[in-house]
There are 2 protein chains.
Amino acid sequence: MMANGNTVDKILDAAQELFAERGFAETSLRMITSKAGVNLAAVNYHFGSKEALIQATFSRFLTPFSREFRDQLNAYIKLVGEENVDIAHMIAVLAASAQVVAERHEQSVAVFMRLMGLAYAQAQNHLREYLKEHYSDVFKPFMRTMKTACPEMTPIEWFWRIHFVLGTLAFTMSSVDSLQAMAANDLSVDSQFKDMISYLAKFVSAGLLAPAT
Amino acid sequence: MMANGNTVDKILDAAQELFAERGFAETSLRMITSKAGVNLAAVNYHFGSKEALIQATFSRFLTPFSREFRDQLNAYIKLVGEENVDIAHMIAVLAASAQVVAERHEQSVAVFMRLMGLAYAQAQNHLREYLKEHYSDVFKPFMRTMKTACPEMTPIEWFWRIHFVLGTLAFTMSSVDSLQAMAANDLSVDSQFKDMISYLAKFVSAGLLAPAT
DNA sequence: AACTGTTTGAAACATACGTTTGAAACCTAT
DNA sequence: ATAGGTTTCAAACGTATGTTTCAAACAGTT
């Protein structure tokens with residue numbers, strides 16, 4: 001049996017935190033293994049390569065997350081009916097799913113968000129392809145449902161608007177912790193995750209619902 | 001005299017393109033110098049270090065751009081009066097300034113945008129500090145003017161909204177070329193830069209102008 | 001207790017990186 | 001034409017990276 005989850009998880013925990021802090025290229029295997037307290041060779045033994053470790057880091061939280069998100073989204077759609085979905089509420093469902101999964105695994109939702117943001121921003125083609133191959137069938141229905149809640153517009157305008165939304169999400173995800181710190185510093189307000197999500201949902205739904213050009 | 005602009009510019013041209021394509025950490029000086037057709041040592045001779053080259057790459061276009069943007073923005077504000085500024089139009093001014101500067105230097109505005117997006121996304125603290133130190137006095141008035149055009153809201157909600165806007169801009173910038181390619185592929189439409197900017201301006205101004213929560 | 005497959009450990013490997021060196025080539029001004 | 005400062009060049013330096021190796025330690029089965 002394989003089953004030695006201890007070393008594997010110690011590596012994943014350390015990798016997840018360091019990747020989120022510093023990015024992929026800027027994090028070496030030696031940093032990861034020394035933070036994890038395991039031997040350097042363990043990464044290549046258990047994962048095969050650094051690329052595979054990066055992918056494993058994502059799938060560890062993305063697989064349960066996408067399941068949770070799919071279920072919560074379907075439940076919401078069943079509840080209100082497809083023609084009555086509300087964009088802001090869908091964003092809230094997205095965030096709630098992330099938070100539920102993070103809590104279930106006793107991990108920081110901010111770290112997950114930052115990783116997702118990095119996946120978009122960093123130049124890791126293998127990662128983008130991996131994510132597309134494994135998780136696109138969860139996010140395509142999400143996009144389709146979003147579209148039904150929007151006013152009629154040309155395909156090209158819809159194309160851009162949905163990518164503006166993804167951009168807002170990705171950026172906010174990737175800097176959520178430093179932004180929260182800024183808010184705490186500059187405004188002496190500790191900005192709750194929940195509040196930020198509701199601001200975000202309001203912002204993108206207003207953008208999506210704006211009358212077509 | 002120094003004045004040997006030839007090698008310096010060849011290096012900057014190559015660096016700009018490679019940084020935009022692959023990011024900073026993933027681009028080596030050897031890639032840059034071989035693409036530029038100059039000797040490896042030339043980078044350290046002319047710029048001192050890789051960090052300094054990265055900063056020089058930015059200041060080469062950011063200095064003329066921020067001048068142009070400041071002037072165009074002031075002209076617009078003078079024209080309509082401070083209390084009548086329109087958010088979408090300010091975004092359009094931002095984009096127009098970038099395009100004017102790019103054309104003047106016979107370079108791609110998409111490359112500039114992608115570099116700006118990367119500056120946000122990549123973990124280059126020296127770059128962020130450099131940009132903040134040299135260019136914040138152009139963007140602070142821009143933000144202040146934006147605020148006057150928005151409805152009353154709590155400081156914390158304004159804080160988040162303006163960062164959502166920056167996020168949308170940064171993301172769109174950093175992927176403008178691949179998104180345009182996607183649009184051309186998936187929709188058989190070649191999406192003009194101008195059109196995209198007007199969609200973007202509409203989107204973020206709707207988000208900013210949404211009634212406060 | 002001895003055998004088996006699995007996991008760890010210290011060390012080395014090959015390669016790539018940013019940077020430095022010192023001599024050659026190049027300019028320009030006298 | 002020559003001297004002096006500037007720029008280029010090939011080569012090397014030191015360091016850090018991802019990966020591999022192989023022996024030692026471990027765990028479970030008979």
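Order of the sequence lines sets the chain letters (A, B, ...), proteins ahead of strands, with each chain counted from 1.
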**Student:** Should A/K202 and B/E157 count as an ion pair when the cut-off is N to O under 4.0 Å?
**Tutor:**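 B/E157 and A/K202: not salt-bridged.
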
**Student:** Mind telling me whether A/F139 and A/F142 have parallel, tilted or perpendicular rings, with 30° and 60° as the class edges?
**Tutor:**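 Judged by the thresholds at 30° and 60°, the geometry between A/F142 and A/F139 is perpendicular.
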
**Student:** Please report the distance, rounded to the nearest Å, between CG in A/N6 and P in C/dT6.
**Tutor:**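 It is 19 Å, rounded to the nearest whole Å.
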
**Student:** Roughly how many Å is it from CG in A/L53 to P in D/dT17, rounded to a whole number?
**Tutor:**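 In whole Å, D/dT17 P and A/L53 CG are 15 Å from each other.
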
**Student:** Determine: side-chain N/O of B/H46 to OP1/OP2 of D/dT8, distance under 4.0 Å, yes or no.
**Tutor:**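 Yes, B/H46 has a side-chain N/O under 4.0 Å of OP1/OP2 on D/dT8.
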
**Student:** For nucleotides 15-21 of chain C, just jot down a letter per nucleotide in 5' to 3' order: B, S or -, based on protein non-hydrogen atoms under 4.0 Å.
**Tutor:** --BBBBB

**Student:** If you look only at pairs with a residue in residues 91-103 of chain B, which of them pass as a salt bridge (charged side-chain N to carboxylate O under 4.0 Å, His left out), with sequence neighbours excluded?
**Tutor:**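 Found none.
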
**Student:** Measure up the A/F203 and B/F203 rings against each other and bin them: parallel (under 30°), tilted (30 to 60°), perpendicular (over 60°).
**Tutor:**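 Answer is perpendicular, since the angle exceeds 60°.
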
**Student:** Assess whether atom CZ of A/R67 is packed by more than 12 heavy atoms of other residues, nucleotides or ligands within 6.0 Å.
**Tutor:**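 It does not: A/R67 CZ has 12 such atoms or fewer within range.
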
